[in-house]
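First the structure, in the form of structure tokens, and then the observations on it.
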Amino acid sequence: MASSMTGDGMSEAQTGKKSKKTKNQENDSDLLTVPDGWKEPQFTKDDNPRGLLEESSFATLFPKYREAYLKECWSLVEKALGETNIKVSLDLIEGSMSVCTTKKTFDPYAIMRARDLIKLLARSVPFEQAVRILQDDVACDIIKIGTLVRNRERFVKRRQRLIGPKGSTLKALELLTNCYVMVQGNTVSTLGPFNGLKETLMIKRELSKDPDLRVQSWERFLPKFRHKNLNKRKEPKKKSVKKEYTPFPPQQPESQVDKELATGEFFLRESVKKRKRMEEIKVKQVEALTKKQEERNKAFIPPKEKPLMKKTVKAPAEGKLDIEAIKDKVKKAKTKKLGAPPVNPAPPNNSTSNKKKKSKTKNKG
């Protein structure tokens with residue numbers, strides 16, 4: 001029997017298949033969503049009492065400037081990984097860190113977290129943040145941004161735009177996503193919850209508060225930017241000045257043979273020509289060597305120091321003494337009285353004056 005057709009020209013069987021697909025997609029989305037407040041039970045030794053069958057190990061290199069910091073915090077790294085029975089080693093000669101499982105290791109995923117830990121430490125993430133990767137609800141990602149843009153100047157501008165003035169943009173991203181973001185060189189290291197690694201817009205945070213908008217699409221709320229590929233402005237062509245018309249063609253430039261004929265080199269032997277060429281080459285080499293030597297010697301020339309400004313007393317000319325000036329100084333020194341000024345004497349009393357007069361008259365008699 002022929003299948004019945006609907007008004008849109010589609011059979012009931014096709015509509016039934018589409019409805020089944022949509023129902024299955026909805027069921028899958030419900031299964032993928034994590035309910036609020038749910039936490040995965042912690043993996044203990046009772047879940048895997050026999051341990052692991054084989055040993056697993058990972059290693060990563062770190063730059064030279066991270067050596068001093070890793071030396072300081074290496075005891076903390078060993079202590080953090082020792083709780084999960086993971087062995088860690090630091091090789092300063094080769095500049096590498098390595099982790100491996102032991103016989104006591106019971107968590108098979110612990111070696112993956114230890115691998116991420118040493119990768120984050122190598123990418124300049126501080127230990128206080130990198131140790132969070134050992135938690136169950138924390139994940140990390142190292143994003144390579146160096147190959148996204150070919151032009152180096154454009155890449156530096158975009159990386160600075162990601163950081164923002166005084167790190168404000170990066171701090172806003174950390175607050176929105178509850179993740180730690182570290183921009184270092186050609187990579188961006190992120191550390192935080194699984195959902196936080198995907199969310200990077202403030203509008204999403206505001207829309208997620210409304211339970212009715214969780215199922216709907218948010219594209220209508222997000223800003224849309226138009227990409228404008230504007231070509232560089234072409235410079236106007238300069239109008240060439242018309243030259244006066246001459247019936248004679250321009251003079252042709254001299255060829256190499258004409259130059260040799262004029263100087264007489266054309267009639268010389270090939271051996272003499274080679275000798276002259278070698279001499280010219282040697283002269284050029286000597287000039288280049290002297291220039292290089294001068295540039296190298298510039299680094300060893302000390303800079304000119306500024307002379308210290310000191311007050312210098314002008315010494316009198318030899319054989320010429322100003323005798324009159326010395327005499328004036330001596331006269332001035334004599335007139336000056338040294339010591340404290342004299343105290344004004346008290347006026348004499350009448351009794352003392354009468355006694356003095358009597359004594360004088362007695363002496364006369």
Side-chain angles (χ1 to χ4, degrees), residues 59-71 90-98 119 121-124 142-163 182-189 227-309:
T60 185
L61 299 174
F62 61 87
K64 184 72 175 176
Y65 61 86
R66 291 289 291 171
E67 182 176 336
Y69 180 78
L70 291 173
K71 281 182 182 178
L90 176 66
D91 191 351
L92 297 176
I93 297 171
E94 296 183 358
S96 64
M97 294 180 285
S98 59
K119 279 187 178 181
L121 290 173
R123 295 311 306 162
S124 298
I142 298 174
I143 306 160
K144 295 181 180 179
I145 59 174
T147 56
L148 297 177
V149 183
R150 291 184 180 179
N151 193 352
R152 183 68 183 177
E153 294 180 0
R154 191 178 299 172
F155 165 72
V156 172
K157 287 181 181 178
R158 290 187 180 180
R159 184 178 63 183
Q160 187 61 33
R161 198 185 308 161
L162 175 64
I163 298 169
M182 179 71 183
V183 180
Q184 178 71 18
N186 295 330
T187 59
V188 178
S189 304
H227 297 282
K228 294 182 181 180
N229 296 325
L230 298 175
N231 295 326
K232 292 182 179 179
R233 185 180 177 184
K234 294 181 179 179
E235 296 180 357
K237 293 182 179 179
K238 296 180 181 179
K239 294 181 180 180
S240 58
V241 181
K242 291 184 178 180
K243 298 179 181 180
E244 294 181 359
Y245 174 74
T246 54
F248 304 103
Q251 189 177 0
Q252 293 182 355
E254 292 183 354
S255 63
Q256 188 68 23
V257 178
D258 295 336
K259 292 178 181 179
E260 288 179 357
L261 287 169
T263 56
E265 293 181 3
F266 184 77
F267 304 101
L268 296 175
R269 295 179 183 178
E270 290 185 359
S271 59
V272 179
K273 289 181 180 179
K274 286 183 180 179
R275 194 183 303 161
K276 282 189 175 183
R277 288 173 190 168
M278 292 298 292
E279 288 177 357
E280 290 176 358
I281 291 168
K282 286 180 180 179
V283 170
K284 289 181 180 179
Q285 287 178 352
V286 170
E287 290 177 356
L289 285 172
T290 52
K291 286 182 179 179
K292 285 184 179 179
Q293 194 66 27
E294 288 176 359
E295 290 177 357
R296 289 175 182 173
N297 293 334
K298 283 181 182 179
F300 300 100
I301 297 172
K304 294 182 179 179
E305 296 181 357
K306 294 182 179 179
L308 297 172
M309 301 298 292

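This is a predicted model, so every value here is computed, not measured.
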- Message: Quick test of your reading of the model: are Lys71 and Glu67 salt-bridged, counting only N-O distances below 4.0 Å?
- Response: yes
- Compare every heavy atom of Asn186 with every heavy atom of Arg152, then report the nearest pair and how far apart it is. NH1-OD1, 3.4 Å
- Item | Euclidean distance, Asn297 CG relative to Glu295 CD, rounded to 0.5 Å | 10.5 Å
- Within a radius of less than 6.0 Å around CZ of Phe266, do more than 12 heavy atoms belonging to other residues, nucleotides or ligands occur? no
- Note on the structure: dist Leu148:CG -> Arg159:CZ (nearest 0.5 Å) comes out at 12.5 Å
- Message: If you apply the rule side-chain contact (heavy atoms from CB on, under 4.5 Å), what do you find for Met182 with Ser124, and how did you get there?
- Response: CA-CA 8 Å; Met182 179 71 183; Ser124 298; 4.1 Å; yes
- Note on the structure: One should read off an interatomic distance between Met278 CE and Gln285 CD, to the nearest 0.5 angstrom, of 7.5 Å
- Note: Gly146 and Phe155 closest approach over all heavy atoms is CA-CE1, 3.9 Å
- Task: State whether the side chain of Arg123 and the backbone N or O of Gly185 hold a donor-acceptor pair below 3.5 Å, judged by distance alone.
- Result: no
- Taking all atoms of both residues into account, what is the closest heavy-atom pair of Ala122 and Leu61, and its distance? CB-O, 3.5 Å
- What distance separates Glu260 CD from Glu254 CD, expressed to the nearest 0.5 Å? 12.0 Å
- What heavy-atom pair brings Ile145 and Thr187 nearest, and what distance separates the two atoms? CG1-N, 4.1 Å
- Dump the intermediate steps for side-chain contact (heavy atoms from CB on, under 4.5 Å) on Asp91 and Phe62, then the final yes or no. CA-CA 10 Å; Asp91 191 351; Phe62 61 87; over 6 Å; no
- Return yes when atom NZ of Lys273 has more than 12 non-hydrogen atoms of other residues, nucleotides or ligands closer than 6.0 Å, and no otherwise. yes
- Query: Atom CD1 in Ile143, atom OG in Ser189: separation rounded to 0.5 Å?
  - Reply: 8.5 Å
- Please step through side-chain contact (heavy atoms from CB on, under 4.5 Å) for the pair Leu268 and Lys276, ending with a clear verdict. CA-CA 11 Å; Leu268 296 175; Lys276 282 189 175 183; 3.7 Å; yes
